[in-house]
A.B. asks: 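After the structure tokens below, expect a handful of questions from me.
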Amino acid sequence: MGATTPVAFDPDPEHLGLVKTFKAGSAILSGQVVGFADAGASDTVIPTDSDTTGIGIGVALNSQATTGGEVAVAMVGSVLTVMCAATDTSIDAGHWVTTSSVAGTVIEFDPAIGTHAAALSTGAFPIGYSIADSVAGSGTAGATVKIVIQPVPIFTAST
């Protein structure tokens, strides 16, 4: 298993739900999961990861190398393909996915994270759920999986 090297790819939308144009807060590749930075600017998205960014909101439909440039983002209700965090990631249909430590990629959501505080500190809110089994990648290209975008930032309060 190797870590994915994110590359731009066509997320092959099967259905587009809400689509909104945002400003790029950093370089973004088509097909990356994006969201607002923890201390984000209005209407500005960056590739999400589990370490430094906030909740994923959707998937970039175009690449944008210029900070401040426009990027179209497929959001709630969209059905498309995303890249997994590892070249041989295995995600089964029907499982929730969340962002990983590799910017713009996903891993299977671990419901054992449990509390809102734990999920917030790891950026581990689900971005959606898979509707197909993941397809293994090769070399440094990541495995891919088709998902329905449905962010779920709903957890009980930590005590």
Side-chain angles (χ1 to χ4, degrees), residues 1-14 17 22 24-40 44-65 71-155:
M1 172 169 112
T4 292
T5 300
V7 295
F9 72 99
D10 179 2
D12 191 24
E14 185 176 303
F22 292 93
S26 65
I28 295 172
L29 300 171
S30 176
Q32 281 189 306
V33 176
V34 297
F36 301 107
D38 283 340
T44 303
V45 294
I46 59 175
T48 59
D49 66 49
S50 59
D51 300 323
T52 60
T53 59
I55 299 167
I57 60 163
V59 174
L61 294 175
N62 63 282
S63 294
Q64 180 53 259
V71 61
V73 178
M75 298 171 70
V76 175
S78 296
V79 178
L80 40 68
T81 301
V82 293
M83 190 170 287
C84 300
T87 57
D88 63 348
T89 295
S90 176
I91 298 174
D92 291 328
H95 290 204
W96 290 94
V97 296
T98 189
T99 54
S100 75
S101 60
V102 179
T105 66
V106 301
I107 57 174
E108 190 167 320
F109 177 70
D110 180 1
I113 290 170
T115 68
H116 180 270
L120 190 59
S121 70
T122 60
F125 290 113
I127 181 67
Y129 57 91
S130 61
I131 60 170
D133 294 341
S134 62
V135 177
S138 61
T140 59
T144 60
V145 66
K146 187 151 303 254
I147 68 167
V148 174
I149 298 177
Q150 184 177 337
V152 186
I154 303 170
F155 289 87

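A quick note: this is a predicted structure, and the numbers were derived from the prediction, not measured. Atom set for the values below is all heavy atoms of this structure, side chains included, hydrogens, waters and symmetry mates excluded.
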A.B. asks: Hey, does the side chain of Ser30 reach the backbone of Phe9 with a donor-acceptor pair shorter than 3.5 angstrom?
C.D. replies: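 A pair under 3.5 Å: yes.
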
A.B. asks: Please tell me if the side chains of Met83 and Val7 come closer than 4.5 Å, counting only heavy atoms from C-beta onward.
C.D. replies: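 They are in side-chain contact.
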
A.B. asks: Which heavy atom in Tyr129 sits nearest to a heavy atom in Gln150, and how many Å separate them?
C.D. replies: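 That would be CE2-OE1, 3.2 Å.
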
A.B. asks: Looking only at heavy atoms, what is the nearest atom pair of Ile107 and Ala85, with distance?
C.D. replies: CG2-CB, 3.5 Å

A.B. asks: With Ile127, which of Val148, Val106, Thr98 fulfils side-chain contact (heavy atoms from CB on, under 4.5 Å)?
C.D. replies: Val106

A.B. asks: Side chains of Ser101 and Asp49: closer than 4.5 Å at any heavy-atom pair?
C.D. replies: no

A.B. asks: Quick check against the 3.5 Å criterion: does Ser130 have a side-chain atom that pairs as donor or acceptor with the backbone of His95?
C.D. replies: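 Yes; judged by distance alone, with no hydrogens or angles, the pair exists.
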
A.B. asks: From Glu108 CD over to Cys84 SG, what is the distance, rounded to the nearest 0.5 angstrom?
C.D. replies: 10.0 Å

A.B. asks: Taking all heavy atoms of Ala27 and all of Pro47, pick out the closest pair and write down the distance.
C.D. replies: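 Closest pair (atom of Ala27, atom of Pro47, distance): O-CG, 3.5 Å.
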
A.B. asks: Do Thr105 and Val82 come close enough that some side-chain heavy atom pair is under 4.5 Å?
C.D. replies: no

A.B. asks: Applying the side-chain contact (heavy atoms from CB on, under 4.5 Å) criterion to Phe36, which one of Ile46, Thr48, Ile57 satisfies it?
C.D. replies: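 Considering Ile46, Thr48, Ile57, a side-chain contact (heavy atoms from CB on, under 4.5 Å) with Phe36 is found only for Ile57.
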
A.B. asks: Hey, could you give me the CD1/OG distance between Ile147 and Ser78, rounded to the nearest 0.5 Å?
C.D. replies: 9.0 Å

A.B. asks: Locate the shortest heavy-atom distance separating Gln64 from Val71; write the atom from each residue and the value.
C.D. replies: CB-CB, 4.3 Å

A.B. asks: If every non-hydrogen atom of Leu80 is compared with every non-hydrogen atom of Pro11, which pair is closest and at what distance?
C.D. replies: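 Of all heavy-atom pairs spanning Leu80 and Pro11, the closest is CB-O, 3.4 Å.
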
A.B. asks: Which pair of heavy atoms, one from Thr44 and one from Phe22, lies closest together, and at what distance?
C.D. replies: N-CD2, 4.3 Å

A.B. asks: How long is the gap from CG on Asn62 to CG on Asp10, to the nearest 0.5 Å?
C.D. replies: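 Result: 11.5 Å between the selected atoms.
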
